[in-house]
Amino acid sequence: MTMSYGIVILLLLKISNISRGKIKLIKFPNLWIMPVLFMGMMLEDYGKQNFVYSSEMMMALAVFGIAGLCVGLIRGGSLKYERDSDEKMYYKESYLSLLIYILVIFAKWGLKFIGAVSSDIIAVGLMSFACGSLIGRCSYISYRYLFSGSL
């Protein structure tokens, strides 16, 4: 089983938690599991293939990554945060954020089967966008968790 199947399973488990209306406790080290898994999936997928990292590929990687980072920071800022009496911090996630990642993974799989010349660049860009978005969201949540005394 490749890492991308593991990420899909993890996303489906997260959907089941959201459907139950759970508010998530921020556990700082666990917060970075999804970005690390997405980066691992990118490295695994592109390490197996013989990509020639051209200037177009690197430009797509940078542009989509920066765009994803900005979207992730905006998404992190739009989450609702709460603190309880024990000074633990909680947030509620939405279906929209998970839908974005599931669509990116399925689009990447679809582009693999198309096999056109530009499909590699688009697939790299999509995964870079998703990775940047996860890193941006987790960075904002980490900032709120570590540096905010009161919400």
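Note that the coordinates shown come from a computational prediction; the quantities given were computed from them, not determined experimentally.
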Do any side-chain atoms of residues 32-39 form donor-acceptor pairs under 3.5 angstrom with protein atoms, and if so which ones, sequence neighbours left out?
residue : atom : partner : partner atom : Å
Trp32   : NE1  : Ser142  : OG           : 3.1

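- In this structure, Arg137 CZ and Leu69 CG are separated by 13.0 Å, a value rounded to the nearest 0.5 Å.
- Under the 4.5 Å side-chain heavy-atom criterion for grouping Ile, Leu, Val, Met, Phe, Trp and Tyr, Met59 is not connected to Ile66 through any hydrophobic cluster.
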Compile the donor-acceptor pairs under 3.5 Å between side chains in residues 124-132 and protein atoms, sequence neighbours left out, one pair per line.
residue : atom : partner : partner atom : Å
Ser128  : OG   : Leu61   : O            : 2.7
Ser128  : OG   : Gly65   : N            : 3.1

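- The distance from the CD1 atom of Ile141 to the CG atom of Leu73 is 10.5 Å, given to the nearest 0.5 Å.
- Residue pairs that meet the side chain to side chain donor-acceptor pair (under 3.5 Å) test with at least one member in residues 60-75, sequence neighbours left out, are Arg75-Tyr101, Arg75-Ser133.
- If you chain together ILVMFWY residues whose side-chain heavy atoms come under 4.5 Å of each other, Ile74 ends up in a group of its own.
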